[in-house]
*Asks:* 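The following block contains the structure, expressed as structure tokens.
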Amino acid sequence: MNNLIDILYERGFIEKTTHDDELVEYIDQGNIKGYIGFDPTALSLHIGSLVPIMSLAHMQKHGHRPIALIGGGTGLVGDPSGKTEMRKLLTPEMVEHNARGIEKQLSRFIDFSKGKALILNNADWLSELKYIPFLRDIGRHFSVNRMIKAESYKMRLESEEGLNFIEFNYTLLQAYDFLNLFDNYGCRLQMGGSDQWGNIISGIGLIRKMRQETVFGITFPLITTSSGAKMGKTAEGAVWLDSERTSPYEYYQYWINTDDNDIVRFLALYTFLPMDEIKDIERLEDDDLNSAKTVLAFEATQLVHGRQEAIKAYHAAASMFGVRIVPERIMPTSSIPRDEADFDDISVPHSFFDLKQIQTGIPAFKLFHLVGLAPSGSAAMRLIRQGGGYINGNRISSTEYMISENDLNNKEILLRAGKKRFHKIKIRY
RNA sequence: GGUGGGGUUCCCGAGUGGUCAAAGGGAACAGACUGUAAAUCUGUCGGCAAAGCCUUCGGAGGUUCAAAUCCUCCCCCCACCA
């Protein structure tokens, strides 16, 4: 059970691989290089990229050398695989900017020091490509007949919108990436999402044809929640790894809201906790399940935002929803604090108001909108009308309700929308 | 370039002169039930200090008392032909 492949299989990272036995043999040699591409379509990565990131981290933990390839060049083209519509084209400046942000986030999971891992940008070689030589050297190895039969293009070919030529070239560029990494870095493994299978196979084929060498591919399953939703999608949009976009508290809450049926799977994928402990979770019921979710949320938050932030989020949640001490018997390896500490709540979303503003009086619905608990005044009005608006734990009875000094509770007002969205008003003196 | 079909509120999708803030479904939100879970049931689901008013149906004009619906021009997408 020491081979990276076994570990990845056990934790649920692998959907399929090429050359099963040869791949295991190859990885057994140790210190191998494997790469994954990251699209710089946004400034930040989100939860959807966590599986690739974690697998690179596992690689490193097992003595191999991960290569994170930022798609600075391919990002200018846009991967159509599995997409229903064409991506918006990004400007080179945007791609460059995004690449930096992504690099920062990756380094939380992977140690890039002393060549223990590499971070590369394919713009470095793709932007220099000459069209005619590229067509002659690379393009001639690709059969259009085969390409249009590929599953990843199928959706687009059958759709109304069709497939644009620029996107059709994406596969060639990604195959060329692999060739390049093979030639210059001795990289023989590419990993990626299941939608990348076609692109990965193309790279493998290209290297076989041009270098007569065998290289390998691994794809990850598409992770969905038990209810069928894509990972990391909420009403507010994606759950980002960047604390500017998704606060550690919100991030923590996302994991706490995990479906019961997903806990084991997610602990395996999104934490480094030992598998034998994770398997014990399957036997838990009721309240213990919530403890397991707490561990999941804590560990996942710690990985992305660091221990301090994870503890803050954990404490904030405790102060809102009640303290929950995780028993020693559940996930003993987890570093989640298990003692009754002083639970502060500084991580709960909050904003500051002047005492004067409160004394003047402000309609409750207005305040809910103001602090972002409702997207509009109308929505806030509805919320209150439906009995979903609370002040300091008490349901607001009327849409006319005015917030005043009387609502101050220890210099604070706790607003709540529905069951689990909180916002604290603090008075600035 | 030609011909035909399209662009509707977060998404899908009905609507071809007033009864349209626009059917239906999905998503989402709230309530009940719970465990900050799922399932189920009920309600809400453009904005606005709100029984009223304002802004939306690719864009800009126009016809009309009245336009998502009719006319003109433009932009974009798709299919077939070249």
Side-chain angles (χ1 to χ4, degrees), chain A residues 83-89 155-165 167 224-230 232-238 249-267 281-282 284-298 301 313-327 330 343 345 347-349 360-370 372-390 393 395-403 414-422:
Chain A
K83 304 286 186 315
T84 47
E85 42 190 70
M86 187 171 163
R87 292 275 192 81
K88 288 191 185 70
L89 292 179
M155 201 154 69
R156 291 295 294 279
L157 286 170
E158 287 170 2
S159 80
E160 293 242 307
E161 205 186 348
L163 183 68
N164 195 291
F165 184 67
E167 301 172 282
T224 55
T225 65
S226 285
S227 42
K230 263 191 192 167
K233 293 285 179 204
T234 69
E236 287 77 39
Y249 176 75
E250 289 168 305
Y251 189 82
Y252 178 93
Q253 285 298 320
Y254 175 82
W255 291 104
I256 282 287
N257 288 320
T258 297
D259 190 303
D260 282 6
N261 301 311
D262 294 329
I263 300 176
V264 171
R265 206 157 50 98
F266 287 2
L267 279 167
I281 299 295
E282 280 167 3
L284 298 180
E285 293 182 324
D286 300 326
D287 216 35
D288 281 348
L289 279 176
N290 277 336
S291 287
K293 286 183 197 179
T294 306
V295 172
L296 171 63
F298 180 83
T301 307
Y314 169 55
H315 284 178
S319 77
M320 293 296 113
F321 296 99
V323 175
R324 183 194 313 283
I325 300 294
V326 179
I330 294 171
F343 287 93
D345 55 6
S347 287
V348 170
T360 316
I362 178 167
F365 81 92
K366 209 94 189 176
L367 192 59
F368 271 76
H369 175 208
L370 221 59
L373 285 175
S376 69
S378 302
M381 208 70 121
R382 258 178 251 131
L383 181 75
I384 292 171
R385 204 175 292 133
Q386 293 176 135
Y390 300 80
R395 179 173 286 173
I396 302 170
S397 50
S398 157
T399 52
E400 311 278 304
Y401 188 84
M402 295 291 286
I403 302 272
L414 181 62
L415 305 179
R416 192 178 111 209
K419 275 179 291 186
K420 39 191 174 184
R421 284 156 52 231
F422 292 89

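Proteins come first, then strands; the chains are lettered A, B, ... in the order of their sequence lines, and each starts at number 1. All figures in this text were calculated on a predicted structure; none of them were measured in a lab.
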*Asks:* For the residue pair H369(A) and A380(A), what are the closest heavy atoms and their distance?
*Replies:* N-CB, 4.3 Å
*Asks:* What integer number of Å spans the C1' atoms of U42(B) and G47(B)?
*Replies:* 26 Å
*Asks:* Given the structure, check if the side chain of Q386(A) and the base of G31(B) hold any donor-acceptor pair shorter than 3.5 Å.
*Replies:* no
*Asks:* Taking the C1' atom in each of C20(B) and A68(B), what is the distance between them to the nearest angstrom?
*Replies:* 9 Å
*Asks:* Could you check how far CD1 of I384(A) sits from C1' of U44(B), rounded to whole Å?
*Replies:* 14 Å
*Asks:* If we take the P atom in both U69(B) and G62(B), what is their distance in whole Å?
*Replies:* 15 Å
*Asks:* Any donor-acceptor pair under 3.5 Å linking the side-chain atoms of K420(A) with those of N257(A)?
*Replies:* yes
*Asks:* Output the rounded distance in Å from CH2 (W255(A)) to P (G35(B)).
*Replies:* 25 Å
*Asks:* Nearest-Å distance, CG (D262(A)) to P (A37(B))?
*Replies:* 14 Å
*Asks:* Does G31(B) have OP1 or OP2 under 4.0 Å away from a side-chain N or O of Y390(A)?
*Replies:* yes
*Asks:* Looking for any heavy atom pair under 4.0 Å, which part of the strands does T399(A) touch: base, sugar-phosphate only, or nothing?
*Replies:* nothing
*Asks:* Using both distances under 3.5 Å as the test, list the Watson-Crick or G-U wobble partner of U64(B), or none.
*Replies:* none
*Asks:* Between U36(B) atom C1' and L289(A) atom CG, what is the distance in whole Å?
*Replies:* 13 Å
*Asks:* Partners of L383(A) by side-chain contact (heavy atoms from CB on, under 4.5 Å), sequence neighbours excluded?
*Replies:* F368(A), A417(A)
*Asks:* Among C45(B), U36(B), G31(B), find the nucleotide with the atom closest to the side chain of F321(A).
*Replies:* U36(B)
*Asks:* Determine which nucleotide pairs with G31(B), using a 3.5 Å limit on both distances of a Watson-Crick or G-U wobble pair.
*Replies:* C41(B)
*Asks:* If I pick the C1' atom on U34(B) and the same atom on U40(B), what distance separates them, to the nearest angstrom?
*Replies:* 12 Å
*Asks:* Is the F321(A) ring parallel, tilted or perpendicular to the F422(A) ring (thresholds 30°, 60°)?
*Replies:* perpendicular
*Asks:* In the structure shown, which nucleotide is the Watson-Crick or G-U wobble counterpart of G24(B), with both distances under 3.5 Å?
*Replies:* C12(B)
*Asks:* If you measure from the P atom in U9(B) to the same atom in G58(B), how many Å do you get, rounded?
*Replies:* 8 Å
*Asks:* Kindly indicate whether the side chain of I330(A), heavy atoms from C-beta on, has any atom under 4.5 Å from the side chain of T294(A).
*Replies:* no
*Asks:* Once you round it to whole Å, what is the distance between C1' of A37(B) and CD1 of I281(A)?
*Replies:* 15 Å
*Asks:* Strictly below 4.0 Å: does R421(A) bring a side-chain N or O up to OP1 or OP2 of A30(B)?
*Replies:* yes
*Asks:* Please report the distance, rounded to the nearest Å, between CD in Q253(A) and C1' in G35(B).
*Replies:* 14 Å
*Asks:* Reckon D259(A) touches a base, only the sugar-phosphate, or nothing at all at heavy-atom distances under 4.0 Å?
*Replies:* sugar-phosphate
*Asks:* Can you check whether K419(A) has a side-chain N or O nearer than 4.0 Å to OP1 or OP2 of G31(B)?
*Replies:* no
*Asks:* Mind checking R395(A) for me? I need base, sugar-phosphate or nothing, with any heavy atom below 4.0 Å counting as a touch.
*Replies:* sugar-phosphate
*Asks:* Using a heavy-atom cut-off of 4.0 Å across all strands, would you classify I256(A) as base, sugar-phosphate, or nothing?
*Replies:* base
*Asks:* Please tell me if the side chains of Y249(A) and P349(A) come closer than 4.5 Å, counting only heavy atoms from C-beta onward.
*Replies:* yes
*Asks:* Would you measure the distance from the C1' atom in U56(B) across to the matching atom in C48(B) and give it in whole Å?
*Replies:* 15 Å
*Asks:* Checking base pairs now: Watson-Crick or wobble, both atom distances under 3.5 Å. What partners C73(B)?
*Replies:* G59(B)
*Asks:* Please report, rounded to the nearest Å, how far the C1' atom of A37(B) is from the CG atom of L284(A).
*Replies:* 14 Å
*Asks:* Is there side-chain contact between K293(A) and D260(A), with at least one heavy-atom pair below 4.5 Å?
*Replies:* yes
*Asks:* Within the sub-3.5 Å range, which N or O atoms of nucleotides 48-50 of chain B have a protein N or O partner, and how far apart are they?
*Replies:*
unit_1	atom_1	unit_2	atom_2	d
C48(B)	OP1	G377(A)	N	2.9
C48(B)	OP2	S376(A)	OG	3.4
C48(B)	OP2	G377(A)	N	3.1
C48(B)	OP2	S378(A)	N	2.6
C48(B)	OP2	S378(A)	OG	2.6
A49(B)	OP1	K366(A)	NZ	2.4

*Asks:* If you compare every side-chain N and O of R382(A) against the phosphate oxygens of G47(B) (OP1, OP2), does one of them come in below 4.0 Å?
*Replies:* yes
*Asks:* Hey, mind stepping through W255(A) and F298(A) against side-chain contact (heavy atoms from CB on, under 4.5 Å) and telling me if it holds?
*Replies:* CA-CA 8 Å; W255(A) 291 104; F298(A) 180 83; over 6 Å; no
*Asks:* Does the structure show a Watson-Crick or G-U wobble partner for C80(B), both distances under 3.5 Å? Name it, or say none.
*Replies:* G2(B)
*Asks:* Indicate yes or no for a side-chain donor-acceptor contact from R416(A) to the backbone of G418(A) under 3.5 Å, with no hydrogens or angles considered.
*Replies:* yes
*Asks:* If you assign each of G387(A) and D260(A) to its closest nucleotide in RNA chain B, which residue comes earlier from the 5' end?
*Replies:* G387(A)
*Asks:* On a whole-Å scale, what distance lies between the C1' atoms belonging to A67(B) and A60(B)?
*Replies:* 15 Å
*Asks:* How would you label the contact of F422(A) with the nucleic acid (heavy atoms, under 4.0 Å): base, sugar-phosphate, or nothing?
*Replies:* nothing
*Asks:* Now, which nucleotide makes the Watson-Crick or G-U wobble pair with A49(B), with each of the two distances under 3.5 Å?
*Replies:* none
*Asks:* For the C1' atoms, the ones on A22(B) and on A14(B), what distance do you get once it is rounded to whole angstrom?
*Replies:* 10 Å
*Asks:* List in chain and number order the residues that pass side-chain contact (heavy atoms from CB on, under 4.5 Å) with S378(A), two or more places apart in sequence or in another chain; answer none if no residue qualifies.
*Replies:* S376(A), R382(A)
